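Below, read A as the first sequence line, B as the second, and so on, with proteins coming before strands; counting in each chain starts at 1. Note that the coordinates shown come from a computational prediction; the quantities given were computed from them, not determined experimentally. Basis for what follows: all heavy atoms, side chains included, without hydrogens, waters or symmetry-related copies.
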Number of protein chains: 2
Amino acid sequence: MVPDALPALKSHHSGKDILAETPAYDLIELFFFAYRDFVSDPDRILDEYGFGRAHHRVLHFVSRNPGLTIAELLDILRITKQSLNRVLKELIEKDFIESRMGTADRRQRLLFATPQGGELALKLAKLQTRRIMRALSGMEPEAKDAVSRYLLSLIDPDSSAHVKHLVFGSEET
Amino acid sequence: MVPDALPALKSHHSGKDILAETPAYDLIELFFFAYRDFVSDPDRILDEYGFGRAHHRVLHFVSRNPGLTIAELLDILRITKQSLNRVLKELIEKDFIESRMGTADRRQRLLFATPQGGELALKLAKLQTRRIMRALSGMEPEAKDAVSRYLLSLIDPDSSAHVKHLVFGSEET
DNA sequence: ATTTTATGTCAGCCTTGTTGACATATCTCA
DNA sequence: TGAGATATGTCAACAAGGCTGACATAAAAT
């Protein structure tokens with residue numbers, strides 16, 4: 001077994017970069033548990049609507065980015081159009097998302113959350129925000145920025161610019 | 001349903017009017033993208049072995065906690081015994097995990113990673129550690145601790161003590 | 001001796017991902 | 001204008017990994 005007495009705590013005293021080889025078990029496992037609980041809040045509510053996590057993701061990004069196209073959504077979610085279409089169809093049928101023909105390019109479908117859809121998206125976002133705020137409370141103000149930068153840096157460098165634009169892109173506080 | 005304020009309105013530091021929280025869209029979305037990429041590294045390797053994420057989780061926690069029982073593993077993963085058994089059976093058949101009868105309680109099955117299993121678990125942990133280290137590099141030394149505390153606080157308070165014990169062994173807050 | 005506990009297993013269902021093939025409308029460009 | 005590229009939709013089949021319910025067995029606990 002690997003020495004695991006101290007969680008990814010490193011002091012450089014050994015010659016080689018054994019550091020890069022000592023697994024950061026703490027951050028790996030905390031990430032797993034945190035994510036598990038983080039998505040569990042919405043799950044309970046989505047159930048009442050007959051929706052799942054896939055619906056949540058679609059609704060969230062459409063709600064946050066009105067006029068999003070299918071192609072852009074596929075790029076965000078990294079799933080196939082068939083997978084997307086299955087849940088998107090349900091969201092449209094149940095009137096949580098509206099699909100309008102593109103104006104510049106009429107092949108495109110521009111997606112918008114309906115009032116009902118926007119409300120649900122907001123409700124779920126607030127639920128998750130409550131958990132986030134509880135976690136941040138009691139931490140220094142700089143902590144939030146540190147966490148934000150950490151998460152951003154975890155993302156594939158290829159995607160990080162895209163994500164940065166998507167998340168911090170153009171709007172409100 | 002509560003009529004919520006439109007997304008733009010919020011205050012700076014006015015007392016305790018936190019009920020109309022402004023969604024923390026940035027942390028919500030960054031968490032999604034970061035987790036997506038974080039688990040994608042192992043996926044590629046697991047594929048070569050004919051394993052999936054479910055196998056990874058089982059192998060990881062067994063490898064990290066030699067002698068883990070079925071019940072404890074179920075408690076960590078929060079899945080049903082049927083779901084667990086499906087992947088566990090494959091891990092045992094392919095000789096990545098060994099199941100021994102309990103000594104104190106002979107009804108129990110104590111799980112251990114085989115040499116081959118421990119090797120794979122370590123390989124995957126190192127992969128994820130590389131990503132973590134890349135993210136932490138360039139951040140202040142306190143950042144790691146902030147991230148760690150943030151993730152821990154995201155976890156359900158009910159589970160956090162258990163997780164703390166599991167991850168850090170047994171100490172600190 | 002009976003009941004409870006820890007585990008295993010069969011059978012079937014659901015969600016959400018996949019691939020491949022094909023259809024249609026629209027845009028672009030030579 | 002006509003050929004091809006592009007954006008989307010759809011059908012069919014399959015896989016992974018969740019789920020429930022029912023039932024079986026060995027061992028511990030009472």
Side-chain angles (χ1 to χ4, degrees), chain A residues 32 35-36 39-40 42-62 67-94 97-112, chain B residues 32 35-36 39-40 42-62 67-94 97-112:
Chain A
F32 165 73
Y35 194 79
R36 181 192 66 177
V39 296
S40 74
D43 277 357
R44 285 184 273 276
I45 290 184
L46 289 160
D47 237 34
E48 301 167 10
Y49 292 81
F51 292 144
R53 285 181 197 179
H55 301 86
H56 183 197
R57 291 193 282 267
V58 170
L59 181 59
H60 174 92
F61 284 108
V62 167
L68 204 64
T69 67
I70 300 289
E72 287 165 343
L73 193 45
L74 287 175
D75 192 48
I76 290 172
L77 300 175
R78 297 232 193 118
I79 58 177
T80 59
K81 62 177 175 176
Q82 295 92 330
S83 290
L84 171 58
N85 214 260
R86 187 160 37 204
V87 294
L88 182 55
K89 215 182 337 184
E90 291 172 2
L91 284 165
I92 291 174
E93 276 165 8
K94 292 191 181 176
I97 284 183
E98 187 189 346
S99 169
R100 302 183 203 149
M101 185 188 290
T103 48
D105 187 334
R106 307 200 310 171
R107 290 171 302 181
Q108 292 182 330
R109 297 292 173 263
L110 307 186
L111 303 173
F112 298 87
Chain B
F32 165 72
Y35 193 79
R36 182 191 65 180
V39 296
S40 75
D43 278 357
R44 286 184 273 277
I45 291 185
L46 289 160
D47 237 34
E48 301 167 11
Y49 293 80
F51 292 145
R53 287 180 196 178
H55 301 85
H56 182 197
R57 291 193 282 266
V58 170
L59 181 60
H60 175 93
F61 285 108
V62 167
L68 203 63
T69 67
I70 300 289
E72 287 165 343
L73 192 44
L74 286 176
D75 192 48
I76 290 172
L77 300 176
R78 298 235 192 114
I79 58 177
T80 60
K81 62 176 175 178
Q82 294 91 330
S83 290
L84 170 59
N85 215 259
R86 187 162 38 206
V87 295
L88 182 55
K89 214 181 339 183
E90 290 172 5
L91 284 164
I92 291 174
E93 276 166 8
K94 292 190 181 176
I97 283 182
E98 188 188 348
S99 168
R100 301 183 203 148
M101 185 187 290
T103 48
D105 185 335
R106 307 201 310 170
R107 289 171 302 180
Q108 293 182 328
R109 297 292 173 264
L110 307 186
L111 304 173
F112 299 86

S.K.: Between atom CZ in B/R109 and atom C1' in D/dA27, what is the gap in whole Å?
M.R.: 10 Å
S.K.: Look at the side-chain N and O atoms of B/S83 and state whether any lies under 4.0 Å from the OP1 or OP2 oxygen of D/dG17.
M.R.: no
S.K.: Fit a plane to each ring of B/Y35 and A/Y35, take the angle between them on a 0 to 90° scale, and name the class: parallel (under 30°), tilted (30 to 60°) or perpendicular (over 60°).
M.R.: parallel
S.K.: Quick check: does any side chain N or O of A/K94 sit under 3.5 Å from a backbone N or O of A/Y49, one acting as donor and the other as acceptor?
M.R.: yes
S.K.: Rounding to a whole Å, what distance do you find between B/E90:CD and C/dT9:C1'?
M.R.: 15 Å
S.K.: Taking the side chain as everything from C-beta on, heavy atoms only, tell me whether A/M101 gets closer than 4.5 Å to A/R109.
M.R.: yes
S.K.: Starting at atom CZ of A/R36, determine the distance to atom P of D/dG18, rounded to an integer number of angstrom.
M.R.: 12 Å
S.K.: Would you mind reading off the distance between B/L88 atom CG and C/dT7 atom P, rounded to a whole angstrom?
M.R.: 11 Å
S.K.: Please tell me if A/T80 has a side-chain N or O lying less than 4.0 Å from either OP1 or OP2 of C/dT18.
M.R.: yes
S.K.: What is the distance, to the nearest angstrom, from the CG atom on A/L77 to the P atom on C/dT18?
M.R.: 10 Å
S.K.: Rounded off to whole Å, could you give me the CG-to-P distance for the B/L91 and D/dA16 pair?
M.R.: 13 Å
S.K.: Could you say whether A/T103 or B/T69 is positioned toward the 5' end of DNA chain C, judged by the nucleotide with the nearest heavy atom to each?
M.R.: B/T69
S.K.: Counting distance alone, no hydrogens or angles: does the base of C/dG12 have a donor or acceptor under 3.5 Å from a partner atom on the side chain of B/Q82?
M.R.: no
S.K.: Looking at A/E90 and A/V87, would you say the former's side chain and the latter's main chain have a donor-acceptor pair under 3.5 Å?
M.R.: no
S.K.: On DNA chain C, does the nearest nucleotide to A/A54 precede the nearest nucleotide to B/S99 from the 5' side, or the other way round? Give the residue.
M.R.: B/S99
S.K.: Check the phosphate of D/dA16 against B/R57, side-chain N and O only, distance under 4.0 Å to OP1 or OP2. Yes or no?
M.R.: no
S.K.: Let's test your reading of the model: under 3.5 Å, does the base of C/dT5 pair with the side chain of B/R107 as donor and acceptor?
M.R.: yes
S.K.: Roughly, in whole Å, what's the span from CG in A/L74 to C1' in D/dT8?
M.R.: 9 Å
S.K.: Over how many whole Å does the gap from B/D105 atom CG to D/dT30 atom P extend?
M.R.: 12 Å
S.K.: Can you tell if the side chain of A/V62 reaches within under 4.5 Å of the side chain of A/L73, non-hydrogen atoms only?
M.R.: yes
S.K.: Do any side-chain nitrogens or oxygens of B/H55 fall under 4.0 Å of OP1 or OP2 in D/dA16?
M.R.: no
S.K.: Kindly indicate whether the side chain of A/R106 and the base of C/dT26 share any N or O donor-acceptor pair separated by less than 3.5 Å?
M.R.: no
S.K.: Reckon A/R86 touches a base, only the sugar-phosphate, or nothing at all at heavy-atom distances under 4.0 Å?
M.R.: base
S.K.: Any N or O donor-acceptor pair linking the side chain of B/K81 to the base of C/dG8 at under 3.5 Å?
M.R.: yes
